[in-house]
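Below is one structure, written out as structure tokens; comments come after it.
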Amino acid sequence: MKQTDKDIEISTMLVDWYKENQRDLPWRQTTDPYKIWISEIILQQTRVVQGLDYYYRFIDRFPTVDALAAASEEEVLKYWQGLGYYSRARNLHASAQYIMLHCGGIFPSSYETILSLKGIGEYTAAAIASFAWNMPYPVVDGNVYRVFSRLFALDTPIDTGKGKKEFYELANMLINPSNASMHNQAVMDFGALVCTPQAPSCTSCPFQHKCLAFAGGNVLDYPVKQHKTKSRNRYFNYFHIEWNDRTFLSRRDKSDIWKGLYEFPLIETGQSVNFTELSSLPDFKAIFGFQTPLDIMLVLNEKKHVLSHQVIYANFYKVRISNKDSALDKFIEINSSELDNYAISRLTHIYFDKLAESFAN
DNA sequence: AATCCGGGGCC
DNA sequence: GGCCCAGGATT
């Protein structure tokens with residue numbers, strides 16, 4: 001389909017709105033593709049307010065591709081700690097090293113090369129290409145789905161191949177090729193500030209008289225999704241082992257949550273278990289060998305930790321041992337004062353908060 | 001096409 | 001409790 005004057009009119013209205021109402025965000029003060037890249041990865045499935053401080057800290061420590069590539073994956077994960085979706089950090093690091101090795105250390109400026117980098121899909125490639133070089137690639141993110149599905153009352157489910165294709169073609173038709181950067185930022189800010197998921201500001205919306213969903217009185221029915229998220233329960237039993245001033249960690253390395261992060265020795269069970277049941281499991285002996293821990297303290301009991309697709313019920317036991325069984329050799333033994341050097345999950349962080357609290361009381 | 005990957009804020 | 005957020009990779 002060819003672009004029409006009417007299509008450009010929508011872009012013009014969006015950009016006019018944007019010029020008056022845009023958010024002041026640090027990654028908009030630059031056209032450095034590296035900084036834009038970092039901001040876009042941080043903002044994947046992440047609200048601006050949640051990502052802002054991470055962006056400042058990350059850019060401060062890794063101001064260039066070179067600096068990021070030269071760092072260890074561990075340190076990069078440490079700067080990502082608590083933000084979630086940790087493959088973003090690992091891919092960021094791997095791509096920085098790729099750029100040093102294969103692109104002369106210069107962030108690539110061709111859309112196809114950008115798209116080929118780990119952790120960069122259609123959305124992020126379009127965002128970087130348009131924001132850094134004003135290249136005419138349309139962004140299609142959650143805001144775009146919402147704004148355009150409402151404006152045109154499009155009910156194709158957005159989580160299907162057909163829906164993704166339809167919305168991409170629509171976005172491609174609506175973008176003003178000579179003003180791609182501002183157009184893309186405008187749609188997203190409009191979606192984030194006016195055409196919001198709940199309680200959109202229809203009464204003050206400049207598109208109210210054009211919006212087919214508003215005319216139909218069912219704005220909140222858009223965008224249409226096919227799938228519902230379902231969740232499973234998991235039961236984690238952690239042991240914060242104290243052996244004099246030493247403790248033990250392991251690094252998660254399987255295809256599971258928190259890959260690359262550190263944690264205490266863990267027994268995962270199929271259902272909720274108490275300490276007596278736990279201590280009779282083979283996994284228990286695999287951690288402690290033939291000794292019995294002393295001073296067992298249940299610091300967190302059935303702590304509920306909700307993720308997107310699973311709910312974790314976690315027990316954290318603080319236990320003291322008098323001598324070290326060789327069974328513990330498979331763990332990383334560190335001095336307790338070094339714990340802060342390791343990237344940990346939010347759940348483990350919650351444990352430390354609780355521990356500090358119980359000390360204060 | 002379906003599922004997985006975090007954490008937080010909102011109603 | 002369910003939904004969504006400047007999505008992408010894996011199966």
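Below, chains carry the letters A, B, ... as their sequence lines are ordered, and counting in each starts from 1.
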Using a strict threshold of under 4.0 Å (side-chain N to carboxylate O), is an ion pair present between Lys162(A) and Glu166(A)? yes

Should Tyr56(A) and Phe62(A) be counted in the same cluster of Ile, Leu, Val, Met, Phe, Trp and Tyr side chains packed under 4.5 Å apart? yes

If you define the side chain from C-beta out and look only at heavy atoms, does anything of Pro200(A) sit under 4.5 Å from Leu220(A)? yes

Taking the basic N atoms (NZ, or NE/NH1/NH2) and the acidic carboxylate oxygens, is any pair closer than 4.0 Å for Glu75(A) and Arg61(A)? yes

Which residues in residues 78-86 of chain A have a heavy atom closer than 4.0 Å to any atom of DNA chain B? Gly82(A), Leu83(A), Gly84(A), Tyr85(A), Tyr86(A)

Categorize Lys230(A) for me: base, sugar-phosphate, or nothing, with a 4.0 angstrom heavy-atom threshold over every strand shown. sugar-phosphate

Would a line drawn from the ring center of Phe236(A) to the ring center of Phe264(A) be shorter than 6.0 Å? no

Can you see if the side chain of Arg28(A) gets near the phosphate of dA6(C) - specifically, an N or O under 4.0 Å from OP1 or OP2? no

Please determine whether a side-chain nitrogen or oxygen atom of His227(A) lies at a distance below 4.0 Å from atom OP1 or OP2 of dA1(B). no

Side chain of Leu307(A) (C-beta onward), nearest among dA6(C), dG7(B), dG7(C): dG7(B)

Can you measure Phe190(A) atom CZ to dC5(C) atom C1' for me and round it to whole angstrom units? 18 Å

Just how far, in rounded Å, is P of dG7(B) from CG of Asp53(A)? 17 Å

Expressed as a whole number of angstroms, how long is the span from Leu52(A):CG to dG8(B):P? 16 Å

Sugar-phosphate, base or nothing in reach of Asp256(A), heavy atoms under 4.0 Å: sugar-phosphate

Whole-Å distance, His309(A) NE2 to dC4(C) C1', equals 12 Å

Ala89(A): side-chain contact (heavy atoms from CB on, under 4.5 Å) partners, not counting sequence neighbours: Val76(A), Leu77(A), Trp80(A)

Please work out if Lys259(A) contacts a base, only the sugar-phosphate, or nothing of the nucleic acid, heavy-atom cut-off 4.0 Å. nothing

Starting at CG of Leu115(A) and ending at C1' of dG8(C), how long is that distance when rounded to a whole Å? 11 Å

Would you please confirm or rule out a distance under 4.0 Å between OP1 or OP2 of dG1(C) and any side-chain N or O of Lys304(A)? yes

How long is the span from the OG atom in Ser95(A) to the CZ atom in Phe107(A), to the nearest 0.5 Å? 8.0 Å

Would you confirm whether the ring centroid of Tyr145(A) sits within less than 6.0 angstrom of the ring centroid of Phe167(A)? yes

Quick one: label Leu261(A) by what it contacts on the DNA or RNA (base, sugar-phosphate, nothing), any heavy atom closer than 4.0 Å. nothing

Lys164(A) side chain near dG7(C) phosphate (N/O to OP1/OP2, under 4.0 Å): no

dG6(B) C1' sits how many Å from Leu77(A) CG, rounded? 13 Å

Mapping Leu117(A) and Phe131(A) onto DNA chain C by nearest heavy atom, which one lands closer to the 5' end? Phe131(A)

Using whole Å, what does the distance between atom C1' of nucleotide dA6(C) and atom CG of Asp189(A) come to? 9 Å

Using a 4.0 Å heavy-atom cut-off, does Gly191(A) contact any base of the nucleic acid, only the sugar-phosphate backbone, or nothing at all? nothing

Both Ser345(A) and Thr160(A) contact DNA chain B. Taking the nearest nucleotide for each, which residue is further toward the 5' end? Thr160(A)

Just to be sure I understand the geometry, which residues of residues 30-49 of chain A put a non-hydrogen atom under 4.0 Å away from DNA chain B? Gln45(A), Thr46(A), Arg47(A)

Take atom CD1 of Ile114(A) and atom C1' of dG8(C), then tell me their distance rounded to the nearest Å. 16 Å

OP1 or OP2 of dG8(B) under 4.0 Å from side-chain N/O of Arg346(A): yes

Which residue is it: Tyr79(A), Trp37(A), Trp27(A)? I am looking for the one with a ring pair (Phe, Tyr, Trp, His ring centres under 6.0 Å) to Tyr55(A). Trp27(A)

Per the atom types in the model, does the base of dA9(C) pair as donor or acceptor with the side chain of Arg90(A) at under 3.5 Å? no

I want to verify a distance call: between dG7(B), dG8(C), dC5(B), whose nearest atom is closest to the Gln50(A) side chain? dG7(B)

Are Tyr313(A) and Tyr235(A) an aromatic pair, judged by ring center distance below 6.0 Å? yes

Between His102(A) and Tyr98(A), how do the two ring planes meet: parallel, tilted or perpendicular, split at 30° and 60°? tilted

C1' spacing across the pair dA6(C) / dT3(B), given as an integer number of angstrom: 23 Å

Hey, do the aromatic rings of Tyr317(A) and Phe275(A) have their centres closer than 6.0 Å? yes

Check whether any side-chain N or O of Gln198(A) sits under 4.0 Å from OP1 or OP2 of dG2(C), and answer yes or no. no

Measuring only the C1' atom in each nucleotide, how far is dC3(C) from dG6(B)? A whole number of Å is fine. 15 Å

Nearest-nucleotide 5' precedence on DNA chain B, Gln226(A) against Arg234(A): Gln226(A)

For the side chain of Ser308(A) and the base of dG6(B), is some donor closer than 3.5 Å to an acceptor across the two? yes

